[in-house]
**Q** 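Got a structure for you, written out below as structure tokens; questions coming shortly.
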Amino acid sequence: CLSTTLSRRSFDSELVSLLHKVLEAAQLEKRTCAQFLAAEGEQERLELLRHGERRAAKLRDHLESRQQENENLRRDLNLRDAHIAELQESVQLLIQKNQSKQEVILKLSEKLAVCGEDKQCSNGLRSEALKQLTIENENLKDDLKAYKTQNQYLNSEIYHLTTLWRKSSEREQSLIVKCAVLEANSSQMESRYLGILQKLQESKELNPEQREAVKKVVKDAVRADLSTAIKLNSVRDYDEYGFKIAVDYKIEDLKLLAKIQALEIRSQNLLNQEECDVPLLARCAQLLFGRPEGELSSSTELKNLLRMGLPREYRARAWRFMIQTRTKSLKERHPDHYQELCEKSRTSPHLVPRQIQLDLDRTLTSNQYFSPPSSPLIQKLERVLQAFSWQNPTIGYVQGLNRLAAIALLVLQDEEDAFWCLVVIVDYIMPHNYYTKDLVGCQADQCVLKDLMSEKLPRLTAHLEALKVDVSLITVEWFLVLFVESLPTRILFKVWDAFLYEGIKVIFRYALALFKYREEGILKINDSVEMYQYLRIFPNTIVDGRKLTSIAFNDMNPLPMKLLQNRRATHLERLHAEIKELENLRTAYKAEHVQCKDKELDTLASEDEEEV
């Protein structure tokens, strides 16, 4: 315990020293930025940028040396592990030999006792046998004593090697943390460098020659591929669910923004990859581990865990519980319901909506598990959507349901579970008439969202109204597909965790939180076209998921479900009245159009009679 405490203190002191170095680097970066802003000429600014590049190269060299040191430690550790294994094997053999000799001693002792009791044996023979047994016994005792001494020595060696191995492991872990922080620092510096290039590119004070030089530097920076950079720590291009981590923008002007975003995400992942939320894992294990879905129950503890976002190993179990809670009675009445719907789809393919087949190849194109057309998940998705079209013939199939079902498949894997998840979302959680042709339920929620924005974000609402920007053109997709392909997946699944438990109000909370998160940036945009373009892409640029969750569930309070229901009812009443009025106008127009046609026919008939 004492050695562990000392090791921890040593590790803490190294970490504190490392944090001091990071703080010094940040202060140095701040001074560099201040020098850049204080520079009088563009030539001096470009020189400062070149100085930043040289510093970044020096950091990369430092990272390479750390990597080499890390590899040397790994080899040393492997050799020591092999030595420990050999010593442990020797100890095991000695123990087995010791046990065998003890068994021999017991047998000889029993034999000695038998000989002593045998009165028919001659005294000479008994004396000689006893003497031999005594000698053998003494020899065995000497051997046993020697083996015990050797065993104690080997145990001390094993303890010594174990201590060395523990220290080496702690040192290796410390080096890994240092490398991660250094690499994250490098990514942050490169990101800031590209941000300065972006601002310099937008500057109107540059002459044509300087502008061309900056444009060339930006072009080279965009072409540089992150996959070719030095990576001491493995940060994958795809996350655990198969989604591409960095967004690949199609618009040429946004490629520099994509590179900056990729560097920020990489830096965030490097800083967080060694971080383990032990309390969250412990709470999940206590509440969910080893318990079947049927034994779970709704509770405040479960709700708080879902809001924080579940680890992947517990997510599928929690989702099945929330789905089972809402569909239990229906499943008990129809235990083979999904199989029956699949059979209907197979025997009556002409009644299945053709749009399903068209949308399969357009489902989650950024996910590697849905990219190949022959993927098993594509076939499962098709069966789930076809079964749902029979389950709810009023809706059948509309675009967007394919993405909801695809997310359910990625988490639950089983296609029947994914089908029931889609049923729960459309038939149980989302309000009525959400996925109908007129989308009247979704339209009402967009009006409710605008009301909430005017109350909770008045400055932002006034700014958007001044630019005549209708946010519902952007947010309607957030609500219909529950932020799929709008948010980074590490945040998206947190939203779904809470949504499946609490319902539609979670979507309202996160929609408001997104605007609050980037409120200051949105207020700086004064062009409506640029505003629409920014609103389409900015949710995918969110890096700090914890901050966004805190805004959604703390800053947006109070947001009771009853308030949403009352406002939805008010807007639905107005929308239904408008729809009814529109239908009356159409009916009147059709009637008038028919009368006009009849009059024209009568006029033509009378003219024909006059000619005759």
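Bear in mind that the values here come from a model prediction, so they are computed numbers and not experimental data.
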**Q** Return each pair, listed once, that meets side chain to side chain donor-acceptor pair (under 3.5 Å) where at least one residue sits in residues 479-488; pairs must be two or more places apart or across chains.
**A**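 Those involving residues 479-488 are Arg403-Glu485.
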**Q** Any salt bridge (charged side-chain N to carboxylate O under 4.0 Å, His left out) involving residues 423-446? Give me the pairs, sequence neighbours left out, ordered by first then second residue.
**A**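 Every salt bridge (charged side-chain N to carboxylate O under 4.0 Å, His left out) pair that includes a residue of residues 423-446, provided the two are not neighbours, is Asp445-Arg568.
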**Q** If we ignore hydrogens and angles and just use 3.5 Å, is the side chain of Asn70 paired with the main-chain N or O of Arg66 as donor and acceptor?
**A**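 No, because the side chain of Asn70 does not come within donor-acceptor range (under 3.5 Å) of the backbone of Arg66.
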**Q** Have a look at Trp478 and tell me which of Phe499, Tyr510, Phe515 forms a ring pair (Phe, Tyr, Trp, His ring centres under 6.0 Å) with it.
**A** Phe515
**Q** Would you tabulate the side-chain donor-acceptor contacts of residues 367-374 under 3.5 Å, counting partners in other chains and residues two or more places apart, or write 'none'?
**A**
unit_1, atom_1, unit_2, atom_2, d
Asn367, OD1, Tyr369, N, 2.8
Asn367, ND2, Tyr241, O, 2.9
Ser371, OG, Asn367, O, 2.8

**Q** Checking Tyr435 now: which residues fulfil ring-ring contact (aromatic ring centres under 6.0 Å, His included) with it, not counting sequence neighbours?
**A**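 Once residues adjacent in sequence are excluded, Tyr435 has no partner under the ring-ring contact (aromatic ring centres under 6.0 Å, His included) criterion.
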**Q** Please determine which of Ile522, Leu512, Asp544 meets the side-chain contact (heavy atoms from CB on, under 4.5 Å) test together with Tyr517.
**A**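 Of Ile522, Leu512, Asp544, side-chain contact (heavy atoms from CB on, under 4.5 Å) with Tyr517 is met by Asp544 alone.
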**Q** Within the distance-only criterion (no hydrogens, no angle test), does the side chain of Arg312 pair as donor or acceptor with the backbone N or O of Glu240 below 3.5 angstrom?
**A** yes
**Q** Before giving the answer on salt bridge (Lys or Arg N to Asp or Glu O under 4.0 Å), spell out for Arg567 and Glu455 the whole-Å C-alpha distance, their side-chain angles and the decisive distance to 0.1 Å.
**A** CA-CA 13 Å; Arg567 294 198 176 182; Glu455 295 171 7; 2.5 Å; yes
**Q** Going through the checks in order, is the side chain to side chain contact (heavy atoms under 4.5 Å, CB included) test met by Leu452 and Leu559?
**A** CA-CA 9 Å; Leu452 295 173; Leu559 193 63; 3.9 Å; yes
**Q** Can you list the steps and then say if Trp496 with Ile425 is a side chain to side chain contact (heavy atoms under 4.5 Å, CB included)?
**A** CA-CA 10 Å; Trp496 275 57; Ile425 292 172; 3.7 Å; yes
**Q** Please name all residues satisfying ring-ring contact (aromatic ring centres under 6.0 Å, His included) with Tyr501, sequence neighbours left out, ordered by chain then number.
**A** none
**Q** Side-chain donor-acceptor pair under 3.5 Å between Trp319 and Asp497, yes or no?
**A** yes
**Q** Where do Asn402 and Ile356 land on the side chain to side chain contact (heavy atoms under 4.5 Å, CB included) test, with the steps shown first?
**A** CA-CA 8 Å; Asn402 58 323; Ile356 293 176; over 6 Å; no
**Q** Taking atom NZ of Lys456 as the centre, report whether more than 12 heavy atoms of other residues, nucleotides or ligands fall under 6.0 Å from it.
**A**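 Enclosed.
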**Q** Considering all heavy atoms of both residues, which atom of Ile429 and which atom of Gly503 are nearest to each other, and what is their separation?
**A**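 Closest pair (atom of Ile429, atom of Gly503, distance): CG2-CA, 3.7 Å.
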**Q** Taking only residues two or more places apart in sequence, or in another chain, which ones meet Thr325 in a side-chain contact (heavy atoms from CB on, under 4.5 Å)?
**A** Phe321
**Q** How far does CG of Asn433 sit from CG of Leu439, to the nearest 0.5 angstrom?
**A**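 So the gap between those two atoms works out to 10.0 Å.
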**Q** Tell me, please, which residues at least two apart from Tyr397 pass ring-ring contact (aromatic ring centres under 6.0 Å, His included).
**A**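 So Tyr397 forms no ring-ring contact (aromatic ring centres under 6.0 Å, His included) with any residue.
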**Q** Going by the rule side-chain contact (heavy atoms from CB on, under 4.5 Å), which residues pair with Lys505 if we only count those two or more places apart in sequence or in a different chain?
**A**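 With neighbours one apart ignored, the set is Glu502, Met561, Leu564.
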**Q** May I have the step-by-step check of side chain to side chain contact (heavy atoms under 4.5 Å, CB included) for Ile323 and Val423, ending in yes or no?
**A** CA-CA 9 Å; Ile323 294 166; Val423 170; over 6 Å; no
**Q** Can any side-chain N or O of Asp527 pair as donor or acceptor with the backbone N or O of Glu530 at less than 3.5 Å?
**A**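 Yes; at least one donor-acceptor contact below 3.5 Å.
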**Q** Sort and list the pairs that fulfil salt bridge (charged side-chain N to carboxylate O under 4.0 Å, His left out) and have at least one residue in residues 361-384, not counting sequence neighbours.
**A**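 Qualifying pairs: Asp359-Arg362, Arg383-Glu415.
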**Q** Enumerate donor-acceptor pairs with a distance under 3.5 Å from any side-chain N or O in residues 462-476 to protein atoms, sequence neighbours excluded.
**A**
unit_1, atom_1, unit_2, atom_2, d
His463, NE2, Ile525, O, 2.6
Asp470, OD1, Lys450, NZ, 2.8
Asp470, OD1, Ser472, N, 3.2
Asp470, OD1, Ser472, OG, 2.7
Asp470, OD2, Ser472, OG, 3.0
Thr475, OG1, Gln446, OE1, 2.5
Thr475, OG1, Val471, O, 3.1

**Q** Checking Tyr534 now: which residues fulfil ring-ring contact (aromatic ring centres under 6.0 Å, His included) with it, not counting sequence neighbours?
**A**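 Here the qualifying residues are Phe538.
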**Q** For the pair Thr489 (side chain) and Leu492 (backbone), establish whether a donor and an acceptor sit closer than 3.5 Å, ignoring hydrogens and angles.
**A** no
**Q** Taking side-chain contact (heavy atoms from CB on, under 4.5 Å) as the definition, give me every residue that meets it alongside Asn557, ordered by chain and number, with sequence neighbours left out.
**A** Arg509
**Q** For Met453, is there any backbone N or O sitting under 3.5 Å from a side-chain donor or acceptor partner on Thr461?
**A** yes
